[in-house]
Undergrad: 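A single structure is presented below for examination.
In what follows, chains are A, B, ... by sequence order, proteins preceding strands, each numbered from 1.
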Amino acid sequence: MDDPEHPASIMNDELARQLTPAQTKAVFHIDGPLLVIAGPGSGKTRVITYRIAALIDAGIRPHNICAITFTNKAASEMRQRTIALGTAPGAHISTFHSLCVTILRRYADKAAIQPNFSIYDDSDQTKCIKQAIKDCELDTANFPPSRCLDTVSALKNSLIDPDSFKNNADDFFSKTLAKVYMRYQHILAERNGLDFDDLLMKAAFLLRDNPDVCSELGNRFRFLLIDEYQDTNHAQYKIAKALVSSHNNICVTGDPDQSIYRWRGADIRNILAFENDWPNAAVVKLEENFRSRPEILRIADALIAQNKNRKPKKLIPVKPPAANITIAASEDESQEAQTVVQQVKDLTGRGAALNDIAVFYRVNAQSRALEEAFIRGQIPYQIVRGVEFYNRKEIRDILAYLKALVNPDDEIALLRIINTPARGIGKTTTDAVRAYAASNNIGFFDALKKAGDIDSLSKAPKAKIAVFVNMLEQFKTHLTDPVAALAERVFIDSGLKDLLQAGGEEDKDAVENIYGFISKAAQYDRQTENPTLLDYLQQISLFTDVDAYDTSADRVALMTLHSAKGLEFENVFIVGLEEGLLPHERSDTDNEDELEEERRLFFVGITRAESNLFISYARYRTIRGQLNRAIPSRFLYELGEDFTNRNVENQCCYDDAESQEIQHQALEKGDLVRHDSFGLGTVREFIDMGEDSIAVVKFNTGQTKSIMLKYANLSKI
DNA sequence: CATAGCCGCCTTTTT
DNA sequence: GGCGGCTATG
């Protein structure tokens with residue numbers, strides 16, 4: 001579909017002729033707000049790319065264009081494509097988070113932060129929130145760190161700062177949580193760290209409180225384009241609104257049916273209410289689908305039509321019919337994986353390339369069984385996962401060294417490296433230094449420098465600390481060296497390399513990984529105009545493995561349904577279509593909104609497929625080491641009458657003897673029931689499918705389960 | 001102060 | 001079945 005080799009610029013007639021009328025309108029309607037409602041496979045990304053080119057062709061300087069994508073990968077692809085269209089480079093194309101880093105660094109003083117901030121990831125955040133809970137003298141049993149973090153994250157995404165949260169807290173729990181939030185922010189500030197949500201919140205507050213910054217940025221970015229607008233949260237919405245307040249040249253594209261990040265604060269109302277926010281907005285709908293065969297679109301359509309809370313939208317196929325859709329049942333997850341591998345072999349036998357094949361699943365844990373099957377079947381694959389690479393111990397170690405050089409207040413980084421490799425500086429010593437830092441109101445690194453003055457320390461640890469401090473100071477004299485050179489110096493001179501080389505086979509991989517890291521840094525040094533260590537560290541904090549996913553490598557891609565957004569494949573497998581997995585049990589299926597989001601997730605998966613779609617579920621699945629009986633997902637029955645009858649039920653061959661014995665029993669919502677192992681519960685939902693009927697029961701243990709009546713002995717009371 | 005071994009916790013999805 | 005954190009031991 002794309003034509004990156006075309007040498008001409010966008011205004012070239014021939015290129016313009018490749019666009020549909022709707023696409024043409026979206027590309028060339030240049031002034032004022034524009035909403036592009038674009039279904040899956042409608043060439044949305046292509047439209048944005050052409051639009052950037054069209055703006056430049058119309059005389060807008062690339063420098064004045066800002067495009068926001070959902071992932072770094074999408075950003076770098078878009079950069080390449082605009083250049084391939086023959087337009088000048090220089091447009092700012094990045095994610096919201098990267099844009100905020102840029103803004104916060106430039107206006108650090110006005111945002112009341114230091115520009116050399118560290119970006120705190122998940123595990124750093126967990127450490128800080130645990131500290132905060134402890135400082136507030138609370139028990140982690142009543143205030144679990146993960147719950148607290150989730151709440152804090154939601155507050156930040158809604159732009160509620162600790163003070164206003166505290167002022168509005170009226171019950172005991174909120175008041176206590178307000179203290180934790182306050183303390184957590186205080187700890188981050190002390191360490192000169194920002195978490196992911198801070199990047200958005202601080203940028204939003206900066207723009208809110210500084211009209212001059214707002215208009216300066218409005219001048220800089222005279223055209224703002226936002227992709228995947230259905231997944232913006234409140235903070236991002238406010239940032240966008242502030243950025244265009246002086247000119248209203250905003251163009252957003254998205255699809256409400258593909259909104260799958262509600263749990264992260266995404267607010268689908270942002271796209272639904274776009275025309276209220278910008279009343280003179282032009283609206284373009286892209287409903288033609290250039291990606292999938294009509295059979296695939298038909299079941300996608302039938303599925304998504306089950307969502308009540310949506311604006312109806314058709315998927316109009318352009319390709320002729322020729323799809324293969326299969327629903328297969330397996331005994332368990334390893335057999336399911338084996339079936340996938342077998343099917344992959346069939347496909348490649350018929351000439352399919354491995355990178356035309358993808359396998360999607362709901363949770364990362366499902367990748368294990370698949371991985372084993374692919375290894376056994378000797379089929380090259382790549383798992384596209386969140387932050388695998390940067391989460392490795394050795395990478396975190398070297399990163400901690402580099403972070404500590406840039407941001408001496410980063411206590412987490414310093415504590416990580418102070419005794420790695422072992423320098424005889426243990427907990428007793430570091431506790432004494434921390435106490436000294438706290439009582440003298442200085443940073444951890446300053447306290448280390450003054451370790452000689454700490455009375456509670458004896459001579460030996462003082463000397464060891466001095467050696468450590470000298471080493472870091474020595475590294476700091478090389479701060480302006482190329483990042484790769486500095487990273488290698490640190491790796492060798494810190495003793496990390498010797499430590500790893502003395503180790504076993506696993507540590508050999510670790511050395512390899514660090515050299516992989518160094519060559520990535522070298523690539524950064526080469527490709528960046530003004531490379532600095534600070535910039536590099538802040539950039540890679542926002543980088544995930546998904547961004548490193550190599551679409552051209554001849555390997556089957558394995559990823560979660562969430563990661564699949566924006567991608568397309570000739571052949572798609574979706575595994576684990578079971579109650580509890582898709583829809584996931586952690587999403588409250590009583591809550592219509594959450595159930596609908598799970599349905600959209602399945603919809604996103606289906607609409608990635610061009611021609612061949614394989615859907616599968618297992619009758620048994622091992623979850624956390626426990627073998628569980630699985631029930632086919634309710635979504636399978638929503639794929640359309642003819643399709644469901646022909647495929648699901650015929651393939652659901654339950655031949656267990658016990659199924660004969662249990663007679664069909666009708667239940668109703670509200671019925672009190674007893675289960676052999678879960679005890680008493682209340683029926684929340686009853687899906688009557690004859691002998692395949694399913695009851696969704698909320699048990700008194702607190703858990704909600706979907707029970708297939710013919711398997712479980714569920715008696716009505 | 002370092003290390004090994006054990007206990008208990010959690011596990012949706014990601015920038 | 002995996003990891004972080006704690007404890008007991010050297």
Undergrad: From B:dT14, B:dT15, C:dG2, pick the nucleotide closest to the side chain of A:Arg368?
TA: C:dG2
Undergrad: Please tell me whether A:Tyr620 and A:Glu331 have a donor and an acceptor in their side chains that are separated by less than 3.5 angstrom.
TA: no
Undergrad: Would you call the rings of A:Tyr536 and A:Tyr524 parallel, tilted or perpendicular, taking 30° and 60° as the class edges?
TA: tilted
Undergrad: Taking only the side-chain nitrogens and oxygens of A:Asn364, find out if one of them lies under 4.0 Å from OP1 or OP2 of B:dT14.
TA: yes
Undergrad: Would you indicate, yes or no, if B:dC1 has its OP1 or OP2 atom less than 4.0 angstrom from a side-chain nitrogen or oxygen of A:Thr428?
TA: yes
Undergrad: Please check if any side-chain donor atom of A:Ser123 sits under 3.5 Å from a side-chain acceptor atom of A:Thr126, or the reverse.
TA: no
Undergrad: Take A:Ile260 and A:Pro144, find for each the nucleotide of DNA chain B with the closest heavy atom, and name the residue whose nucleotide sits nearer the 5' end.
TA: A:Pro144
Undergrad: Under 4.0 angstrom, heavy atoms only, what part of the nucleic acid is A:Asp197 near: base, sugar-phosphate, or nothing?
TA: nothing
Undergrad: All N/O contacts under 3.5 Å from nucleotides 3-10 of chain C to the protein, with atom names and distances to one decimal?
TA:
residue	atom	partner	partner atom	Å
C:dG5	OP1	A:Lys130	NZ	3.4

Undergrad: Just to be sure I understand the rule, does A:Phe96 reach a base, reach only the sugar-phosphate, or reach nothing, if contact means heavy atoms closer than 4.0 Å?
TA: nothing
Undergrad: May I ask you to say what A:Thr429 touches in the nucleic acid, namely base, sugar-phosphate or nothing, with a heavy-atom cut-off under 4.0 Å?
TA: sugar-phosphate
Undergrad: Tell me the interatomic distance from A:His562, atom NE2, to B:dT14, atom C1', rounded to whole angstroms.
TA: 8 Å
Undergrad: Can you tell me the distance, in whole Å, between the CD1 atom of A:Ile623 and the C1' atom of C:dG2?
TA: 16 Å
Undergrad: Checking side-chain hydrogen bond (donor to acceptor under 3.5 Å, both in side chains) against A:Lys156, which of A:Thr151, A:Asp195, A:Asp197 comes through?
TA: A:Asp195
Undergrad: Determine, for A:Tyr261 and A:Arg264, whether the Lys NZ or Arg CZ falls below 6.0 Å from the six-membered ring centre while staying within 45 degrees of the axis.
TA: yes
Undergrad: Nearest whole angstrom, please: distance from the C1' of B:dT13 to the CD1 of A:Ile574.
TA: 15 Å
Undergrad: Have A:Asp135 and A:Gln131 got a donor and an acceptor in their side chains that come within less than 3.5 Å?
TA: yes
Undergrad: For DNA chain B, whose closest nucleotide is more 5', that of A:Leu601 or that of A:Asn419?
TA: A:Asn419
Undergrad: Would you say B:dT14 has OP1 or OP2 under 4.0 Å from some side-chain N or O of A:Ser563?
TA: yes
Undergrad: Determine whether the aromatic ring of A:Trp263 stacks with the base of B:dT13, defined as ring centroids separated by less than 5.5 Å and ring planes inclined by less than 30°.
TA: yes
Undergrad: For B:dT15 and A:Ser98 - does any side-chain N or O of the residue sit under 4.0 Å from the phosphate oxygens OP1/OP2?
TA: no
Undergrad: How about A:Ile226 and A:Tyr229: do any of their side-chain heavy atoms sit closer than 4.5 Å?
TA: yes
Undergrad: Please give, in whole Å, the distance from B:dC1 C1' to A:Asp431 CG?
TA: 13 Å
Undergrad: Which nucleotide wins on minimum distance to the side chain of A:Val363, given the candidates B:dT11, B:dT13, B:dT15?
TA: B:dT13
Undergrad: For A:Ile425, answer base if it contacts any base atom (sugar-phosphate contacts may also be present), sugar-phosphate if it contacts only those atoms, and nothing otherwise; contact means non-hydrogen atoms under 4.0 Å.
TA: sugar-phosphate
Undergrad: Would you mind reading off the distance between A:Asp122 atom CG and B:dT11 atom P, rounded to a whole angstrom?
TA: 10 Å
Undergrad: Rounded off to whole Å, could you give me the CG-to-P distance for the A:Asp195 and B:dT15 pair?
TA: 15 Å
Undergrad: With a 3.5 Å cut-off and no angle check, do the side chains of A:Asp231 and A:Gln236 form a donor-acceptor pair?
TA: no
Undergrad: Nearest to the side chain of A:Ala422 - B:dT15, B:dT13, B:dA2?
TA: B:dA2
Undergrad: Is the side chain of A:His97 donor-acceptor paired with the backbone N or O of A:Leu199 at a distance under 3.5 Å, no angle test?
TA: no
Undergrad: Whole Å only: how far is the OH atom of A:Tyr361 from the P atom of B:dT11?
TA: 19 Å
Undergrad: Is it true that atom NZ of A:Lys238 has more than 12 heavy atoms of other residues, nucleotides or ligands lying nearer than 6.0 Å?
TA: no
Undergrad: Take atom CG of A:Asp593 and atom P of B:dT13, then tell me their distance rounded to the nearest Å.
TA: 21 Å
Undergrad: How does DNA chain C look in dot-bracket notation if pairs are Watson-Crick or G-U with both distances under 3.5 Å, crossing ones as [ ], other-strand ones as |?
TA: .|||||||||
Undergrad: Among A:Gln230, A:Arg600, A:Arg310, find the one that has a side-chain hydrogen bond (donor to acceptor under 3.5 Å, both in side chains) with A:Asp257.
TA: A:Arg310
